[in-house]
Amino acid sequence: MRIVIKLGTSTLAHKTGRINILRVEELCKVMSDLKNAGHEIILVSSGAIGMGVGKLSLQGRPTDIPTKQAAAAVGQCELMYIYDKLFSEYNHTVAQILITDDDIANTDRRQNFENTMRRLLELGVIPILNENDSIATNEIVIGDNDTLGAIVATTVQADLLIILSDINGLYTADPHKNPGAVLLDRVEKITPEIEQMTGGAGSALGTGGMATKLKAAKIAVAAGTDMVIANGNNPKSLYDIVEGKNVGTRFFAEKVK
Ligand code: GLU
């Protein structure tokens, strides 16, 4: 299977913005193993801004654009250093691709992006993508990596998009506010009732939230890609997700690719 895995900041970093070493080590180990088992793995990783905040010892996520962009530049380096180191331990090669909405909107650039992705996969590389936060401003920003994950999944015609975050999946209501909220394990069709179940923002260091995840699900299923939202706190659950077992919420593709 060709699998796109999106890792949110809350999965990769502690609340301080510093890397969650055990978690990231385990994730890289499981992803390497899935690749060894014959799957193609593409990573969409957040955490650049969050880790920049940690490394620069800033007081929290910056609100002004230059500091955010500077934090992303520092944190992206740190992120790729860690991925390169950990995947190398299992003999896998990684590549970094940073894009903005402009690159997707422009036909030539989108084609170049597609060609590069295809070639990287043929070469057996694990592409790691993020938004190019250091140059993206409001006008050209994709804005969140859930959407980026869906764009990447449709570009490479992935079989499965997995979004790992600090929530177990889609609930009938916000579980932080409503203790009676029930986790939905399957969504066959994204109806207006399903859309009403989202709301609320993401974590303190990342963007996202359930609304962007649902937006991503719509893009993915329309293009023939299943999508799973699951909690990133247990990296081994990736095995179960890939085997099609019930973990988190699975959105089923509307059409066969
Ligand atoms: N691109 C941002 C980063 O790497 C994260 C965006 C998101 O959290 O969705 O920090």
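Bear in mind the structure is a predicted one, so any value in this text is a computation, not a measurement. In listed order, ligands and their atoms are each counted from 1.
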So is Glu131 polar-close to ligand 1, meaning N/O to N/O under 3.5 Å?
no
Checking the side chain of Ser134 only, and the main-chain atoms of Ala73 only, is there a donor and an acceptor separated by less than 3.5 Å?
yes
Suppose the criterion is side-chain hydrogen bond (donor to acceptor under 3.5 Å, both in side chains): which pairs have a residue in residues 19-28, not counting sequence neighbours?
Glu26-Lys236
Applying a strict 4.0 Å limit to heavy atoms, is Ala72 in contact with ligand 1?
no
Asp144: numbered ligand 1 atoms lying under 4.0 Å from its heavy atoms:
9 (O)
Under 3.5 Å: N/O of Asn130 near N/O of ligand 1
yes
N-O pairing of Lys6 and Asp146 below 4.0 Å
yes
Is there any N or O on Ala48 that sits under 3.5 Å from an N or O of ligand 1?
yes
Compute the shortest N/O to N/O distance between Gly50 and ligand 1 and return yes if it is under 3.5 Å, no if not.
no
Decide, yes or no, whether a salt bridge links Lys29 with Glu89 under the criterion of side-chain N to carboxylate O below 4.0 Å.
no
Quick test of your reading of the structure: of Asn132, Leu129, Asn145, whose heavy atom lies closest to atom 9 (O) of ligand 1?
Asn145
Per the side-chain hydrogen bond (donor to acceptor under 3.5 Å, both in side chains) rule, what does the pair list look like for residues 118-129, sequence neighbours excluded?
Arg119-Glu122
Any salt bridge between Asp185 and Arg250, counting N to O under 4.0 Å?
no
